[in-house]
Amino acid sequence: MAAPEGTSIFQTTAKNLKDSWRLEFDESIVPNRQQPGWKKAIVYTSARFHCSECGRHWSSNKVMVVCNMRLANRQGVVKVRPSRQNCKICSTAPMEKPSITSENIKPLLQNLVEKMRIKCYNEDMGRKKRPFRSFDAKSPHEPAHCEACMQGICPKT
């Protein structure tokens, strides 16, 4: 997810909230270890990956995005970190960041704003999830190459 595009869509999606919110990308977020006063949420989407070692491309339909949010004095901040994956072919492949398409950023952020309304405003939003565009994943999910599986937050594990 590109930061400028994601931030812009987030501002549009969150404009109806009672307070002012901002979106930050934070590589230091660790699932289930938020600071005191912060609430957690996990949303997911489809994304593509590209191995920086061999150039291989693959898709995943369960890319977890870990979110930490805090509302204080009518100012809110949401820190997000998409989970990464590495190449199953390269033995020394680094964890790669996902590339989330423009058409999937909007439903992802709409789902995030719903989580914010539930966790920060105690609103009952029901059980509606906005669909995202799935990709034709050519191979099964491989937990050994999924950061979210390693962290215990992937529903595929």
Side-chain angles (χ1 to χ4, degrees), residues 1-15 21-70 75-116 118-120 128-157:
M1 170 170 32
E5 182 180 16
T7 301
S8 173
I9 293 171
F10 176 80
Q11 288 304 320
T12 301
T13 307
K15 72 180 176 200
W21 285 85
R22 75 177 188 277
L23 181 71
E24 296 178 1
F25 294 84
D26 186 345
E27 292 294 318
S28 69
I29 292 175
V30 177
N32 301 319
R33 283 203 221 146
Q34 62 274 11
Q35 296 294 320
W38 290 77
K39 299 177 188 304
K40 70 171 183 170
I42 297 174
V43 291
Y44 66 93
T45 190
S46 293
R48 292 191 168 101
F49 293 87
H50 175 253
C51 178
S52 57
E53 294 286 316
C54 71
R56 177 178 169 262
H57 293 268
W58 69 96
S59 300
S60 173
N61 291 316
K62 288 286 188 181
V63 176
M64 302 293 115
V65 180
V66 178
C67 312
N68 288 343
M69 58 192 85
R70 181 182 69 191
Q75 296 290 312
V77 62
V78 181
K79 295 183 178 189
V80 298
R81 181 178 179 277
S83 58
R84 302 170 297 170
Q85 294 184 8
N86 66 4
C87 183
K88 67 179 183 180
I89 294 173
C90 300
S91 60
T92 60
M95 285 290 187
E96 304 289 357
K97 293 180 183 178
S99 174
I100 302 172
T101 63
S102 296
E103 66 187 317
N104 280 340
I105 291 174
K106 187 173 182 178
L108 172 74
L109 293 174
Q110 288 172 330
N111 288 332
L112 171 58
V113 169
E114 283 190 9
K115 296 267 187 174
M116 293 162 53
I118 292 166
K119 298 201 176 247
C120 296
K128 57 184 175 187
K129 294 256 191 256
R130 286 177 177 75
F132 52 85
R133 181 176 169 251
S134 295
F135 295 114
D136 182 21
K138 306 265 187 254
S139 60
H141 186 71
E142 300 201 25
H145 301 281
C146 171
E147 183 178 48
C149 284
M150 294 173 196
Q151 295 171 332
I153 61 169
C154 184
K156 293 280 191 174
T157 49

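Note that the numbering runs from 1 along the sequence shown for the chain.
Of the possible donor and acceptor atoms, one in the side chain of Gln11 sits under 3.5 Å from a partner among the backbone N and O of Trp21.
Pro31 and Val66 get closest at one heavy-atom pair: CG-CG2, 3.9 Å. Of all the heavy atoms in Glu147 and Pro82, the pair that sits closest is OE1-O, 4.3 Å. In plain terms, the two heavy atoms of Ala41 and Lys115 that are nearest each other are CB-CB, 4.0 Å. The two residues Asn61 and Ser46 have their closest heavy-atom pair at OD1-OG, 2.7 Å. Across Ala144 and Met150, no two heavy atoms sit closer than the pair O-CE, 2.9 Å. Closest non-hydrogen pair, Ala93 versus Asn86, comes out as O-ND2, 3.6 Å.
For Ser28, the side-chain hydrogen bond (donor to acceptor under 3.5 Å, both in side chains) partners are Asp26, not counting sequence neighbours. Partners of Arg70 by salt bridge (Lys or Arg N to Asp or Glu O under 4.0 Å), not counting sequence neighbours: none found. Residues passing the side chain to side chain contact (heavy atoms under 4.5 Å, CB included) test with Glu27 are Arg81, Lys97, sequence neighbours excluded. In this view, Ile118 and Met125 satisfy the side chain to side chain contact (heavy atoms under 4.5 Å, CB included) rule, not counting sequence neighbours. Residues passing the salt bridge (Lys or Arg N to Asp or Glu O under 4.0 Å) test with Glu53: none are found, sequence neighbours excluded. By the side chain to side chain contact (heavy atoms under 4.5 Å, CB included) test, Lys39 pairs with Met69, Lys119, Cys120, sequence neighbours left out. Here Ser83 pairs with nothing under the side-chain hydrogen bond (donor to acceptor under 3.5 Å, both in side chains) rule; sequence neighbours left out. For Arg48, the side chain to side chain contact (heavy atoms under 4.5 Å, CB included) partners at least two apart in sequence or on another chain are Ser59, Thr101, Arg133, Phe135. Every residue two or more places apart in sequence or in another chain that forms a side-chain hydrogen bond (donor to acceptor under 3.5 Å, both in side chains) with Ser102 is listed here: Glu5. Looking at residues two or more places apart in sequence or on another chain, you find a ring-ring contact (aromatic ring centres under 6.0 Å, His included) between Trp58 and Phe49. Partners of Glu142 under the side-chain hydrogen bond (donor to acceptor under 3.5 Å, both in side chains) rule, at least two apart in sequence or in another chain, are Lys88.
At least one side-chain heavy atom of Cys87 sits under 4.5 Å from a side-chain heavy atom of Cys54. Contact check for Pro143 versus Cys154: no side-chain heavy atoms found under the 4.5 Å cut-off. Counting heavy atoms from C-beta on, the side chains of Tyr44 and Val63 never come closer than 4.5 Å.
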- Task: Dump the intermediate steps for side chain to side chain contact (heavy atoms under 4.5 Å, CB included) on Asn32 and Lys40, then the final yes or no.
- Result: CA-CA 7 Å; Asn32 301 319; Lys40 70 171 183 170; 2.3 Å; yes
- Message: Is there a side chain to side chain contact (heavy atoms under 4.5 Å, CB included) between Val78 and Val113? Walk through the geometry before answering.
- Response: CA-CA 10 Å; Val78 181; Val113 169; over 6 Å; no
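Remark: Gln151 CD to Ile29 CD1 distance equals 10.5 Å, nearest 0.5 Å. A distance of 8.5 Å separates OG1 of Thr7 from CG of Leu109, quoted to the nearest 0.5 Å. Taken from SG in Cys67 to CD in Gln34, the straight-line distance is 11.5 Å, to the nearest 0.5 Å. To the nearest 0.5 Å, the span separating NZ on Lys106 from OG1 on Thr45 amounts to 14.0 Å. Taken to the nearest 0.5 Å, the NZ atom of Lys62 stands 11.5 Å off from the SG atom of Cys146. Between Ile9 atom CD1 and Leu112 atom CG the span is 12.5 Å, to the nearest 0.5 Å.
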